[in-house]
Protein chains: 2
Amino acid sequence: MGRGKPGTGESQMVETLRAYPLFREAPPEDLAALIRAGTWRMWPAGRFLFLEGDPAEGLYVLLEGYVKVIQADAAGQEAVAQMAGPGEPLGLIALFADQPYPASAQAMTPCRALWIPGTAFREFLLRHPEVALRMLRLLAERLHEVHRRLLEVSVLRVERRLARVLVRLAGRLGRRTEEGIELMLPLSREELAELCGTRLHTVSRLLNRWQRAGWVRLGRRRILLRQPHALVALAEELEGPRGL
Amino acid sequence: MGRGKPGTGESQMVETLRAYPLFREAPPEDLAALIRAGTWRMWPAGRFLFLEGDPAEGLYVLLEGYVKVIQADAAGQEAVAQMAGPGEPLGLIALFADQPYPASAQAMTPCRALWIPGTAFREFLLRHPEVALRMLRLLAERLHEVHRRLLEVSVLRVERRLARVLVRLAGRLGRRTEEGIELMLPLSREELAELCGTRLHTVSRLLNRWQRAGWVRLGRRRILLRQPHALVALAEELEGPRGL
DNA sequence: CGGCTCATTGACTCAGCTCAATATCGGTGG
DNA sequence: CCACCGATATTGAGCTGAGTCAATGAGCCG
């Protein structure tokens with residue numbers, strides 16, 4: 001809640017922001033003003049930054065940790081809309097489309113984020129159109145990504161979707177070890193299922209089949225890719241309408 | 001191809017653009033410059049405005065007609081990413097994310113569109129950040145819409161998805177007649193299928209079942225909703241995990 | 001009248017969901 | 001240290017929605 005600069009000084013925060021492509025072109029003094037207009041906070045793993053339907057008065061810029069953005073339908077069925085890491089802004093749809101948050105954001109790991117009031121940020125964009133263009137690029141990229149996922153869910157089988165999700169996660173959040181690539185994010189089977197539009201049972205079955213094949217090694221909320229190439233092959237291999 | 005002003009004078013084009021929310025705040029003389037930098041063209045129904053993978057050097061602003069934006073995976077399976085009508089800009093992802101078109105745009109009806117070179121448009125945005133904010137809103141809204149569709153494809157059955165698609169289309173492109181609401185867009189069963197992530201056969205079966213129930217009346221590339229409320233009920237009715 | 005695209009319908013199959021039971025992990029408190 | 005608990009994961013059995021394959025029908029254009 002309270003505005004603060006414990007440990008992290010304002011000038012340090014400015015540097016942090018300028019490290020992200022989004023704010024690269026912004027003059028430090030204006031960034032400082034933006035930071036002063038906002039606050040920063042921390043969340044323990046599992047806590048929600050905001051909930052679907054909450055009124056949105058600003059945006060968050062994630063500084064540390066990972067957040068999953070989830071959308072639920074009327075019956076409570078959930079889908080993961082996005083996995084966000086450091087440097088990514090959250091709450092953009094609510095901010096720009098001027099509506100309540102369309103999804104909930106939950107901390108996957110302990111998180112730190114800067115909150116900036118919407119009005120201040122909008123004015124900032126008006127004064128710094130280069131940043132607005134960066135923002136447009138970001139939204140365009142997200143749009144592209146979601147379109148790709150929509151296509152995948154529409155035309156691919158679960159097995160292949162899961163393989164793709166793993167490969168992608170490994171690329172973004174994988175740590176190389178001598179055993180293989182380990183996912184740094186503690187994802188449950190259910191969360192994985194929500195990422196590829198299926199059920200936890202199906203995910204469990206597939207993962208165990210792959211484990212038997214030696215492709216992965218499983219743990220509680222833990223996945224190690226021992227033969228990433230096998231998954232990539234499965235993910236990319238093109239199939240004709242019928243097992244060609 | 002050629003720059004032209006046949007029939008439609010430049011000042012008239014300016015007025016057309018200013019009628020769209022996107023350009024409302026822009027000064028007419030700058031709009032005129034933008035228009036002069038670009039060209040406009042017409043496409044007969046079925047023709048492509050651009051193809052997935054084509055290098056993008058600008059954006060289109062659709063002035064007349066309807067366009068479907070399709071994305072295909074490696075095996076040729078397609079999904080409709082978007083249905084665009086007058087006033088909507090096309091090619092935004094390519095423009096802002098600075099990459100080739102991620103999808104193809106096909107004229108569903110005869111179309112007219114203004115083409116604006118990317119560099120000119122970017123400069124325009126830098127000089128008119130209010131328009132950039134409008135653009136951000138537009139992208140945010142599209143993002144929201146795609147997220148909703150992703151959720152639907154992930155958790156809803158085809159029947160319900162199809163009902164939703166029809167209801168939505170009826171709202172955007174329906175004409176009220178004494179028989180019911182008629183979709184003004186000539187959509188084939190297959191295109192409908194691509195809109196809800198299924199196959200034409202399934203769409204055909206569902207539509208015919210609904211026709212037998214008296215909810216719709218079908219024709220070749222033609223759909224009339226005779227009892228929209230029935231479809232709305234089907235679309236919105238919330239279901240527990242198991243037929244509750 | 002052919003020849004095209006688009007649509008309908010049936011028969012069959014199976015991927016993946018549901019339902020249900022059990023197992024395993026990790027933490028917590030006695 | 002062990003007993004217990006909740007959260008997470010595995011696995012089986014059965015069912016069914018929707019995809020696939022295949023054939024026919026119906027509307028439209030030259």
Side-chain angles (χ1 to χ4, degrees), chain A residues 44-46 73 75-79 106 108 152-163 165 183 185-213 216-224 234 239-244, chain B residues 44-46 73 75-79 106 108 152-163 165 183 185-213 216-224 234 239-244:
Chain A
D73 80 338
Q77 302 268 64
E78 296 184 345
Q106 186 177 23
M108 298 290 297
E152 286 179 4
V153 176
S154 300
V155 310
L156 296 185
R157 322 224 143 162
V158 170
E159 183 178 44
R160 168 123 15 153
R161 302 210 298 270
L162 181 58
V165 164
L183 295 190
L185 222 51
L187 286 169
S188 71
R189 304 288 182 271
E190 180 156 29
E191 288 165 331
L192 227 31
E194 285 167 4
L195 265 170
C196 40
T198 181
R199 297 311 183 132
L200 74 163
H201 304 94
T202 306
V203 170
S204 181
R205 277 183 244 270
L206 287 170
L207 286 180
N208 280 286
R209 188 192 303 165
W210 294 344
Q211 182 167 44
R212 266 170 248 127
V216 300
R217 180 214 279 250
L218 302 174
R220 192 189 179 79
R221 284 177 168 279
R222 202 179 132 276
I223 298 179
L224 178 83
L234 185 57
E239 74 180 327
R242 187 54 176 171
L244 180 102
Chain B
D73 79 340
Q77 302 266 66
E78 296 184 346
Q106 186 177 23
M108 299 289 298
E152 286 179 4
V153 175
S154 302
V155 309
L156 296 185
R157 326 222 135 165
V158 169
E159 184 178 44
R160 170 128 5 159
R161 302 210 297 269
L162 181 58
V165 164
L183 294 190
L185 222 52
L187 286 169
S188 72
R189 303 290 181 269
E190 180 155 28
E191 288 164 332
L192 227 32
E194 286 166 4
L195 266 169
C196 38
T198 180
R199 299 308 185 134
L200 74 163
H201 304 95
T202 305
V203 169
S204 180
R205 276 184 247 269
L206 286 169
L207 286 179
N208 280 285
R209 187 193 303 166
W210 294 344
Q211 180 165 244
R212 267 169 247 128
V216 300
R217 180 213 277 250
L218 301 173
R220 192 192 179 75
R221 283 176 168 283
R222 202 180 131 275
I223 298 179
L224 178 82
L234 186 58
E239 74 180 327
R242 185 54 177 171
L244 181 105

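Just so it is clear: chains get the letters A, B, ... in the order the sequence lines come, proteins before strands, and each one is counted from 1.
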Residues forming a salt bridge (Lys or Arg N to Asp or Glu O under 4.0 Å) with B/Arg220, sequence neighbours excluded: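 With neighbours one apart ignored, the set is empty.
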Partner residues of A/Arg209 under the salt bridge (Lys or Arg N to Asp or Glu O under 4.0 Å) criterion, sequence neighbours left out: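 So A/Arg209 forms a salt bridge (Lys or Arg N to Asp or Glu O under 4.0 Å) with A/Glu159.
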Quickly work out the [X] [atom1] to [N] [atom2] distance and round it to whole Å.
X: B/Glu194; N: D/dA18; atom1: CD; atom2: P; value: 18 Å
X: B/Leu162; N: D/dA18; atom1: CG; atom2: P; value: 11 Å
X: A/Arg157; N: C/dT13; atom1: CZ; atom2: P; value: 16 Å
X: B/Arg160; N: D/dA18; atom1: CZ; atom2: C1'; value: 16 Å

Derivation and outcome, side-chain contact (heavy atoms from CB on, under 4.5 Å), residues A/Leu192 and A/Val165: CA-CA 8 Å; A/Leu192 227 31; A/Val165 164; 4.2 Å; yes
Any B/Thr202 side-chain heavy atom under 4.5 Å of B/Leu162 side chain: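 Result no, sub-4.5 Å side-chain heavy-atom pair not found.
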Student check: side-chain heavy atoms of B/Thr198 and B/Leu206 closer than 4.5 Å: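 B/Thr198 vs B/Leu206: side chains apart.
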Phosphate-side-chain proximity, B/Arg199 and D/dT20, N/O vs OP1/OP2 below 4.0 Å: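 Yes.
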Sequence-aligned protein contact record of nucleotides 1-10 of chain C, with B where the base is within under 4.0 Å of a protein heavy atom and S where only the sugar-phosphate is: ----BBSBBB
Set of side chain to side chain contact (heavy atoms under 4.5 Å, CB included) partners for B/Glu78, sequence neighbours left out: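 In terms of side chain to side chain contact (heavy atoms under 4.5 Å, CB included), with neighbours along the sequence ignored, B/Glu78 is linked to B/Ile70, B/Ala72, B/Glu194.
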Set of residues satisfying side chain to side chain contact (heavy atoms under 4.5 Å, CB included) with respect to A/Gln211, sequence neighbours excluded: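 Scan of A/Gln211 (side chain to side chain contact (heavy atoms under 4.5 Å, CB included), adjacent residues dropped) gives A/Asn208, A/Val216, A/Arg217, A/Leu218.
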Angle by which the axis turns from one end of the helix from C/dC1-D/dG30 to C/dG30-D/dC1 to the other, five pairs per end, to 10 degrees: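 Between the first-five-pair axis and the last-five-pair axis there is 30°.
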Backbone N/O of A/Leu234 and side chain of A/Arg160: donor-acceptor pair under 3.5 Å: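 Checking the backbone N and O of A/Leu234 against the side chain of A/Arg160, a donor-acceptor pair under 3.5 Å is found.
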